[in-house]
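Naming: A, B, ... by sequence-line order, numbering from 1 per chain. The figures that follow rest on heavy atoms only: side chains count, while hydrogens, waters and symmetry mates do not.
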Protein chains: 4
Amino acid sequence: MKQPEPAGAGEAKPLTDKQQRVLDAALEMFAERGYSGVATNEIAKRAGVAEGTIFKTWKTKKDLLVAVVAPLFFRLLAPRLLEEVRALFLRPWPDAESLLRAVLLNRTEFIREHQRVLKVVLQELPFHPEVRTLATDAIKTRLWPDLRATWERLQAEGKVRADAAPHVIARNIIGAFAAWFLVRYVVDPGDHWNDADEHEQIVRLLLDGIRPR
Amino acid sequence: MKQPEPAGAGEAKPLTDKQQRVLDAALEMFAERGYSGVATNEIAKRAGVAEGTIFKTWKTKKDLLVAVVAPLFFRLLAPRLLEEVRALFLRPWPDAESLLRAVLLNRTEFIREHQRVLKVVLQELPFHPEVRTLATDAIKTRLWPDLRATWERLQAEGKVRADAAPHVIARNIIGAFAAWFLVRYVVDPGDHWNDADEHEQIVRLLLDGIRPR
Amino acid sequence: MKQPEPAGAGEAKPLTDKQQRVLDAALEMFAERGYSGVATNEIAKRAGVAEGTIFKTWKTKKDLLVAVVAPLFFRLLAPRLLEEVRALFLRPWPDAESLLRAVLLNRTEFIREHQRVLKVVLQELPFHPEVRTLATDAIKTRLWPDLRATWERLQAEGKVRADAAPHVIARNIIGAFAAWFLVRYVVDPGDHWNDADEHEQIVRLLLDGIRPR
Amino acid sequence: MKQPEPAGAGEAKPLTDKQQRVLDAALEMFAERGYSGVATNEIAKRAGVAEGTIFKTWKTKKDLLVAVVAPLFFRLLAPRLLEEVRALFLRPWPDAESLLRAVLLNRTEFIREHQRVLKVVLQELPFHPEVRTLATDAIKTRLWPDLRATWERLQAEGKVRADAAPHVIARNIIGAFAAWFLVRYVVDPGDHWNDADEHEQIVRLLLDGIRPR
DNA sequence: AATGAATGAGTCTTCATTCAT
DNA sequence: GATGAATGAAGACTCATTCAT
């Protein structure tokens, strides 16, 4: 329990106070102005640290980016979190509706917590193979297998229709969720949303489709 | 009908050969490496033009970005295209299914054609107010009103369910489509996809939902 | 009488309308922003001429500067003007006072007329040997001999003190005049000056000194 | 008394060796070729410093110009110097003659010391409001009040004529001095001058005028 | 003669990275 | 470990000059 980041990655030593401040500053600034829009000396200034100090810990600016972004994936893959998600799926939901709603809530919280890292990841994904690798690895080897397994089980139990490929179902759901999050937190992040109502409608539409019954 | 770009914007003069080559080079390179990852002298070299020539036409590099990106929106708003989309919606579809499938096809083509501009727009959106303005203007004042109107008509005709807000329906559909395009053209752009089959499933799920009937 | 600038320099052909407009534009802009603060394309635009046109007449930008500045010296040396000045000096002035006052008036007019060229000359003198040569030549070979001769005559006639070197007398007078012109036309060019009164005082001080009699 | 530059301006830290070398190089080159005739990389090379180093201390090239030029005015206004000048004026001179001669000597030394800065200031004055402000401020708020007061006192004591406005007297004197300095140090800076004799004549002419008594 | 598109060397400035202290 | 002065390569942009039309 001495290490804040329990196992998971090769990151051995806990971060010093200064290092943490650098990461915080970098995250905030990258999120606001993009990786290449921020100069290292600005990060240093905001972190209250000498510019050289940054390069003592991270050899290059890109290393810093990776360090800023990696925790998202470590946390994504952290046993505890995976367990949590798995538990979510494994609970004997009475129907798919409750499940979907629970996942939506769960992700909402996750996104609200990691909003800035997510922004940075999405923005820098196209230009940094290192980041891309982190992301695809995390998705392919950890999330997707679980997701797929869960889905197939639900289909077997007759709780979701069996005449559709899991990847299409997953994609539609993720697409709908993502569209909502994008609108909610990026395009129009005001306070005027009735989140519960939106969730309700999103889930109902996903379940029953847009065709009138 | 003498000018290739029929009215539309205040841009009066047609582009010279060199200007066109600069735009092409810039588009290609911005798409690959991002706006700030490309130096103007590289663009010049790729376009077979002196660096100074670029700045004769566009005062700054950012002006060049806008020039690269703007045609997408001009074309998006070009009367012909708007007409086409409107016609698509206004045709007396027997059901929503055929409509959705037609729109999906139509957008697929649009995306395949403008793949690179779209990539640039999405990538640079967060950092360039000018680009953001272009995009939000195009969407808010042109696309959304039509979309909303169409949708409300469909609801009135009993062709889609009336107990869901148009914006949620639209968002779910767009989300599903976008997720598909992203996977299809960015994440895994191989040739191994059966596009028709994917379309079929996407549309069916949107229409009928994932709950078994 | 066909040539506006009669003899004097190697300049054979009269200027075309466009050439004159270029010279005018260049003079005005050089005076305002300095030689190196003005781009040739700005001169061209102001003159309503294509940039290339300038270089048809003057091989380089510096040639243009010389062309802008040279007329001052041609005019300075133009027989007519020299005659005028010489006449000024040769007239049988009752005393030095009237002479000084006449010269001051005469120079005032000259400066007001050629204000901008003078400004350009003074500003660019230090950096352009060509301009410096023009100036020193004009002064050494034309003005100074006359000035000196006149002065020595005045001394011989007992109209100015003989126990001072002509060059010191000339320098003091020119210094006082120049200081006045500088303040009057550059430092504080307002309309609140009583020119006649200033002239009166300047001349009296030059003549009688600052020591009370 | 630990800092070589005793208070005076907001400039707190003393200059490092490299900064001083940059200032020296810049001063020398600006004086020779003018502000806009010198490239920053040349200054860097001459100072034996990387080009970037310059911009660490001075944000822009113009800032460097101001830094080069400002010390003149700080020194001009430095308490010690002001005191010195004031003392010069306040000493109970037997007559105005001795005073004028002393001032002339004093200024000669000042000019010989600061020759290059003075040149730069005069050359760049017309084009850089920042420099102009420095100069006019220094003159208006510090030098002129003292000068005027002194002069009026001398008039009251009957040591200089009272029937001439102080500003005209001052202007004539300054003009005569300036003309001399210009000829002596700029136009014809040789060693063949008999400075003492020139001073003698300048002062006598100023005092007694050019009219024979 | 006149044009103005095109050039490319040159300019100021930024910034990730290094290293002596 | 930490510092921050120093670096120099690279970047966006300017501008006098040329040349095909």
(request) By nearest nucleotide on DNA chain F, pick out whichever of Ser36(C) and Gln19(D) is the more 5' one. (result) Gln19(D)

(message) Tell me if the NZ atom of Lys59(D) is crowded by more than 12 foreign heavy atoms within 6.0 Å.
(response) no

(message) Between P on dT18(E) and CG on Asp63(A), what's the gap in Å once rounded to a whole number?
(response) 11 Å

(message) Measure CE/Met29(B) against C1'/dA12(F) and give the value in whole Å, please.
(response) 15 Å

(request) Report yes if some heavy atom in the side chain of Leu64(D) is under 4.5 Å from a heavy atom in the side chain of Leu23(D); otherwise report no. (result) yes

(message) Can you measure Phe30(B) atom CZ to dA12(F) atom P for me and round it to whole angstrom units?
(response) 9 Å

(request) Using atom CZ of Phe55(D) as one end and atom P of dT11(E) as the other, report the distance to the nearest whole Å. (result) 12 Å

(request) Measure from OH on Tyr35(B) to P on dA12(F) and round the result to the nearest Å. (result) 8 Å

(message) Just so I know, are the side chains of Ile43(C) and Phe30(C) near enough to count as touching, which here means a heavy-atom distance under 4.5 Å?
(response) yes

(message) Stem list for DNA chain E, please, built from Watson-Crick and G-U wobble pairs under 3.5 Å and keeping only runs of at least 3.
(response) E:2-21 with F:2-21

Protein N or O to nucleotides 7-9 of chain E N or O, pairs below 3.5 Å:
residue	atom	partner	partner atom	Å
dT7(E)	OP1	Lys18(B)	NZ	3.2
dT7(E)	OP2	Ala50(B)	N	2.9
dT7(E)	OP2	Thr53(B)	OG1	2.6
dT7(E)	O4	Lys56(B)	NZ	3.2

(message) Taking atom NZ as the centre, does Lys45(B) end up with more than 12 heavy-atom neighbours from other residues, nucleotides or ligands that are less than 6.0 angstrom away?
(response) no

(request) On DNA chain E, check which nucleotide each of Lys62(D) and Lys61(A) is closest to and give me the residue with the more 5' one. (result) Lys62(D)

(request) Specify the separation, in whole Å, of atom CZ of Arg33(A) and atom P of dT14(E). (result) 13 Å

(request) Considering only NZ, NE, NH1 and NH2 on the basic side and carboxylate oxygens on the acidic side, decide whether Arg116(D) and Glu32(D) come within less than 4.0 Å. (result) no

(message) Please determine whether a side-chain nitrogen or oxygen atom of Thr40(D) lies at a distance below 4.0 Å from atom OP1 or OP2 of dT11(E).
(response) no

(request) May I ask you to decide if Lys62(B)'s main-chain N or O and Tyr35(B)'s side chain share a donor-acceptor pair within less than 3.5 Å? (result) yes

(message) Looking at Glu124(A) and Val121(A), would you say the former's side chain and the latter's main chain have a donor-acceptor pair under 3.5 Å?
(response) no

(message) Base, sugar-phosphate or nothing for Thr16(B)? Non-hydrogen atoms, less than 4.0 Å.
(response) nothing

(message) For Ala39(D), is there any backbone N or O sitting under 3.5 Å from a side-chain donor or acceptor partner on Glu42(D)?
(response) yes

(message) Quick one, Val66(B) and Trp58(B) - any side-chain contact, counting heavy atoms below 4.5 Å?
(response) no

(request) Rounded to the nearest angstrom, tell me the gap between atom CG in Asn41(A) and atom P in dA16(E). (result) 7 Å

(request) Round to the nearest Å and state the distance from Glu42(D) atom CD to dG8(F) atom P. (result) 18 Å

